[in-house]
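Read the structure below first, then the notes.
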Amino acid sequence: MESLIDQVLASPKAPSIIDELQVRMAEEKAKREAFYAWLDEDKKAEFVNGEVVVHSPVRKWHTLVTKRLLILLDLYVTINNLGFVGVEKTLIKLRRNDFEPDLCFFPKEIADQFKEDQMYFPAPSLVVEVLSSNEDHDRVVKYQDYEANGVKEYWIINPKEQFVEQYKLNEEGKYELLLKSSSGDIESYEVKGFRIPIKAMFDEAENLRETKELLD
């Protein structure tokens, strides 16, 4: 299949297209620098394809699922000294965009380099997004960008329908769907040994049982 670059270069308008692209990317770079200057700890926002996206409040089910998975993931990573788990306002800085995933994981060899006052972070090994009203943001924009930036594992959780999708980056640098389920267990490929019942993300009693098992 002919790449987008090949299509541009095959066009007699290639020079003008490239000039226009350079102008637009320079404008986007200035916008991104302004975004960093504006951003502080009180704001929850992302920089996506040249635009600032400010987040609205989420529904209760979104918060509950995020909290339950955070409890289990962070506890497991801490007990086993595996790295660092970021939550919600952890801003990851990719080649073009800046996202604040609901949860993310950095392995120890990377996390040990982080400073206590660090505000911007590199691409994680695992990203978890809990779907909200703007589903396309997670399924299209973020999916493509996480894939392009080498995020090795990506979970998409539907809190309303109560199921999870697990994607793994293959050798060709593309995500392949490994699991889509509302039952059984899910096991992370990047957080070694982390395996939990899917129900533990949606059911309080199951989450508590799994938390106790981790502590034991």
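Sequential numbering from 1 along the given sequence is applied to the chain's residues. Since we're looking at a predicted model, the values are computed, not measured. These values consider heavy atoms only, across backbone and side chains, with no hydrogens, waters or symmetry-generated copies.
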Could you tell me whether the side chain of [Y] reaches within less than 4.5 Å of the side chain of [X], counting heavy atoms only?
X	Y	value
Leu169	Tyr146	no
Pro101	Val128	no
Lys31	Phe47	yes
Arg68	Glu204	yes
Ser188	Glu153	yes
Ile71	Leu69	no
Lys180	Phe163	yes
Asp102	Val87	no

### Query
Would Val164 and Asn158 satisfy side-chain contact (heavy atoms from CB on, under 4.5 Å), going step by step from the backbone distance to the final call?
CA-CA 6 Å; Val164 59; Asn158 188 316; over 6 Å; no
Between [X] and [Y], what is the shortest heavy-atom contact and its length?
X	Y	value
Ser183	Ile198	O-CD1, 3.2 Å
Pro122	Phe114	CD-CE2, 3.8 Å
Ile186	Met201	CG2-CE, 4.5 Å
Leu131	His62	O-CD2, 3.6 Å

Would [X] and [Y] count as having a side-chain donor-acceptor pair, cut-off 3.5 Å?
X	Y	value
Asp98	Tyr36	yes
Glu88	Thr66	no
His137	Glu46	yes
Tyr143	Glu129	no
Asp203	Asn207	no

With the threshold set at 4.0 Å, does a side-chain nitrogen-carboxylate oxygen contact exist between [X] and [Y]?
X	Y	result
Asp145	Lys142	no
Glu206	Arg209	yes
Arg96	Glu28	yes
Arg139	Glu165	yes

### Message
Counting only heavy atoms not in Lys29 (residues, nucleotides, ligands), do more than 12 fall under 6.0 Å from its NZ?
### Response
no
### Query
What do you reckon, is CD of Glu41 surrounded by more than 12 foreign heavy atoms closer than 6.0 Å?
no
Would you say [X]'s side chain and [Y]'s backbone share a donor-acceptor pair under 3.5 angstrom?
X	Y	result
Asn80	Leu82	no
Glu172	Lys174	no
Asn97	Asn49	yes

ILVMFWY network linking [X] to [Y], side-chain heavy atoms under 4.5 angstrom:
X	Y	answer
Leu91	Tyr154	no
Phe99	Leu103	no
Val77	Ile79	yes
Val151	Ile157	no
Val130	Val140	no

Distance, nearest 0.5 Å, that separates [atom1] of [X] from [atom2] of [Y]:
X	Y	atom1	atom2	answer
Gln113	Gln118	CD	CD	9.5 Å
Lys44	Leu39	NZ	CG	10.5 Å
Met25	Glu20	CE	CD	12.0 Å
Leu215	Leu75	CG	CG	5.0 Å
Lys152	Tyr175	NZ	OH	11.0 Å
Ser182	Gln162	OG	CD	8.0 Å

### Message
Lys67 vs Leu70, test: side-chain contact (heavy atoms from CB on, under 4.5 Å). Steps then yes/no.
### Response
CA-CA 5 Å; Lys67 182 182 71 172; Leu70 173 64; 5.6 Å; no
### Query
Where do Leu126 and Val191 land on the side-chain contact (heavy atoms from CB on, under 4.5 Å) test, with the steps shown first?
CA-CA 8 Å; Leu126 165 69; Val191 187; 3.9 Å; yes
### Aromatic plane relationship, Phe194 with Tyr76 - under 30° parallel, 30 to 60° tilted, over 60° perpendicular
tilted
### Query
Using the ring of each side chain (for Trp, its six-membered ring), is Phe106 parallel, tilted or perpendicular to Phe84, with breaks at 30° and 60°?
parallel
### Lys160 charged N/C atom sitting above Trp61 aromatic ring, 6.0 Å / 45°
no
### Stepwise side-chain contact (heavy atoms from CB on, under 4.5 Å) check, Thr211 with Leu72
CA-CA 6 Å; Thr211 302; Leu72 298 176; 3.4 Å; yes
